[in-house]
Structures are given as structure tokens and as C-alpha cells.
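First up is the structure itself, then whatever we jot down about it.
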Amino acid sequence: MQYIQRDNCVEIKNVTDFDPVKIFECGQCFRWNADENGVYLGVAMNRAAKVWKTDESVFISGTLEDFENIWRDYFDLDRDYAALRSSLNTDEYIKKAAEFSAGIRLLRQDRWETLCSFIISQCNNIARIKRIIEALCRSFGEPIFFEGKTLYSFPDAERLAGLCEKDLEPIKSGYRAKYIIEAANSVASGKTDLDILAAGSYDEALRTLKGLSGVGDKVANCVILFGLHMMDAFPVDVWIKRAIGANYGKGFDPKIFGDAAGLAQQYMFYYARSQGKS
DNA sequence: GCTCAGGCAGGCT
DNA sequence: AGCCTGCCTGAG
């Protein structure tokens, strides 16, 4: 990978496995949206940015400093996804899913944002998940002025701690409101320390996260994979359940995918959903 | 009206 | 362990 400063953006050359559409639409994040030209605008890590791709390069708006301090890590640019992808060749289905989904990377997202977002995701469709999260940010986040628009950061746990369910009524998160507040209280007080969990073991993280109400196996594994960035987490939702049923059967164990199990899950999810939606 | 959408908790067997 | 039901809200 090489990168150079351009006008108001950084150009990344020679980057493999970076497809903005797949990265942002594979279900791991909720705050990036494409305009009519396929340019993605999003807010992450308290910053707004645009991301787009040409045949040659990937472009990320902003300064070289932001690229090196924020986006390089956020987009996990120092990991060789092409190598991981080609290691997923143990059966025909995962080979096909990996090939179809080439270009996905697992974002290194803010831990609290990931926990809160996936609590909201439960039993909800993606459009509504996004709507609720935007309303949450608009109501409680900090404004970010970007190219004439006002965007909002994701509110930190301290900001939401101490709220009551009524305070969250405007965002229409329904019965999830009490889960959001409980999680915010737990994180803000330090009772749940996501940084410590990230440095510890998968089992410890799973046990601790599931101790929060509104966090079960699926949400906890999403947080571990997308927020704590442990690649062996393997969230099982309805799509993955269907894919497993159709291709592996009852004794399925994600360990067959080795260290790249979490990436395999994203490939399967993206592939299964693209088949199912059409 | 009805069912379903990227689950979870609580209560049951 | 596994099965059931209710849960906020909105789209089809």
C-alpha cells in the first residue's frame, strides 16, 4: 500500500480487497451512505469523511494526519485481506462466498458505538436501524460541520448514562431504550470496560457482554467481531443460520475457518443476503 | 387487519 | 438444553 496527499484527500494506491460498496453494505456498520455517484459519506470516530474508489485507487477525504491517525486503522489497512480470503478455501461454498464478497474489510469501529448499534439492531430491519441511530446521534451527539452540512457524532456512553426511557422516546427505539440506557450506564461507570475486554479473551468478552440485558449471543458476537475486532467471533443471525443449514448442516463449527472465521461470516452474510434479496 | 424484520428475556418443560 | 411468548415500531 502506498498513499499520497491530494487536495483535501488522501489517495491510496495498490490496495487490494477494498470495495466501499461491500465494506459499507455488508452489515457491519450503519452510518455510511452513498450518493448518486457512489461516493460514501459517513461519520466515524467523531469525524466525517467521504470515501470513493476509482479503477486505480481508493480516496479518503481529509488530511494526511487524519489518515494516519484514524482511517488507516479504521479501515484495517495494514491487514492482508487477500491472503485471509484465499485461506478460506476448505469447501466450495465458502470459496464461492469469499470470491463473491472479495473487497470486504472488517472495520475497526468504536467499541461503544458498536455495542449500542447492535443492541438497536435486534429484531429490526436495516432501514429502521439506521433511522434510529441517526436520530440518536442528532439528539445526543455533537455537531460536525462538513462541506456545508451538519452531521452528528455518535454520542458517547457518558452522554446517554443517566437518561430515562422517556428521554429516548423521540428516537423510537421501542423496547430497546432500556437496554441502551443500561449499557450506557454500565460503560460510563466503568463496570463494563470495553478496552479491557478488547485486550482479553473471547470467552471473557462474551461472558461480560452477555451480562448486559438486551445482549445475547448474536449481539455479543457482533460487538466482539466489529467492535473488539476479534476475528474468531462468528455471529449467527437468521441469514447465517439459513446458509449453515443449506451448506453445512447440524454439526457446523466455525473453527473450520480458522483465524478468519469472522471474515468468513461476513462473506457468508453478504453472499447469502445478495442471493436472498434478488 | 396481518406478518415480519440481522434478538432477547423470562418462564416453562 | 430446548421451546414458547411478548416486546416497540414501521413497512409491505
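Here is the naming used below: chain letters follow the sequence lines, and residue numbers restart at 1 for every chain. As a basis for the values below, the full set of heavy atoms in this structure was taken, side chains included, without hydrogen atoms, waters or symmetry mates.
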Exercise for review: Calculate the interatomic distance between A:Ile126 atom CD1 and C:dA11 atom C1'; express it in whole Å.
Suggested key: 15 Å
Exercise for review: Indicate yes or no: at least one non-hydrogen side-chain atom of A:Leu88 is less than 4.5 angstrom from one of A:Lys95.
Suggested key: no
**Study point:** Partner nucleotide of C:dC8 by Watson-Crick or wobble geometry (both distances under 3.5 Å)
**Key:** none
Practice item. May I ask you to say what A:Leu168 touches in the nucleic acid, namely base, sugar-phosphate or nothing, with a heavy-atom cut-off under 4.0 Å? Key: nothing
Review point. Within this structure, what is the CZ-to-P distance between A:Arg176 and C:dC7, rounded to whole angstrom?
Key: 13 Å
Review point. What's the CD1-C1' distance between A:Ile240 and B:dG6, to the nearest Å?
Key: 10 Å
Practice item. Under 4.0 Å between any heavy atoms, over every strand shown, what does A:Gly27 touch: base, sugar-phosphate, or nothing? Just pick one. Key: base
Practice item. Take the protein atom CD1 of A:Ile133 and the nucleotide atom P of B:dA5, then report the distance between them rounded to whole Å. Key: 19 Å
Point to revise | Atom P, compared across B:dG11 and C:dC8: separation rounded to whole Å | key: 16 Å
Exercise for review: Evaluate the side-chain hydrogen bond (donor to acceptor under 3.5 Å, both in side chains) criterion for residues A:Asn69 and A:Tyr74: first the C-alpha distance (whole Å), next the side-chain angles of each, then the deciding distance (0.1 Å), finally the verdict.
Suggested key: CA-CA 9 Å; A:Asn69 295 330; A:Tyr74 181 77; over 6 Å; no
Exercise for review: Could you check whether A:Arg131 gets within reach of a base, just the sugar-phosphate, or nothing at all, counting any heavy atom under 4.0 Å?
Suggested key: sugar-phosphate
Check your understanding: For A:Phe140 and A:Asp167, which heavy atoms make the closest approach, and how far apart are they?
Key -> CZ-O, 3.7 Å
Check your understanding: Do A:Arg6 and A:Glu11 meet the salt-bridge criterion of a basic N to acidic O distance under 4.0 Å?
Key -> yes
Review point. Taking atom C1' of C:dG6 as reference, at what distance in whole Å does atom NZ of A:Lys178 sit?
Key: 11 Å
Exercise for review: Could you tell me the separation between the CG atom of A:Leu115 and the C1' atom of B:dG7, rounded to a whole number of Å?
Suggested key: 14 Å
Practice item. Using a cut-off of 6.0 Å, state whether more than 12 heavy atoms not belonging to A:Glu99 lie near its atom CD. Key: no
Check your understanding: Hey, which of these two, A:Lys210 or A:Pro235, hits DNA chain B nearer its 5' end, going by closest nucleotide?
Key -> A:Pro235
Check your understanding: Across the strands shown, which category fits A:Ile119 at heavy-atom distances under 4.0 angstrom: base, sugar-phosphate, nothing?
Key -> nothing
Practice item. For A:Glu165 and C:dT9, give me the distance from atom CD to atom P, rounded to whole Å. Key: 11 Å
Exercise for review: Report yes or no: is there a donor-acceptor pair, N or O only, under 3.5 Å between the side chain of A:Lys218 and the base of B:dG7?
Suggested key: no
Practice item. Using the P atoms only, state how far B:dG6 lies from C:dG6, rounded to an integer number of Å. Key: 22 Å
Practice item. For residues A:Arg31 and A:Ser117, determine if any side-chain heavy atom of one lies less than 4.5 Å from a side-chain heavy atom of the other. Key: no
Practice item. Return the nucleotide paired to B:dG6: Watson-Crick means purine N1 to pyrimidine N3 with N6-O4 or O6-N4, wobble means G-U with N1-O2 and O6-N3, both under 3.5 Å. Key: none
Check your understanding: Between A:Tyr175 (OH) and B:dG7 (P), how many Å, whole number?
Key -> 8 Å
Exercise for review: Report the nucleotide, chosen from C:dC8, B:dG6, B:dA9, that has the shortest atom-to-atom distance to any side-chain atom of A:Phe118.
Suggested key: B:dG6
Check your understanding: Hey, does A:Lys172 reach any base, or is it just sugar-phosphate, or nothing, if we go heavy atoms under 4.0 Å?
Key -> sugar-phosphate
Check your understanding: Considering only B:dG6, B:dG7, C:dG10, which nucleotide approaches the side chain of A:Gln122 most closely?
Key -> B:dG7
Exercise for review: Among the candidates B:dA9, B:dC8, C:dG10, find the nucleotide nearest to the side-chain atoms of A:Arg128.
Suggested key: C:dG10
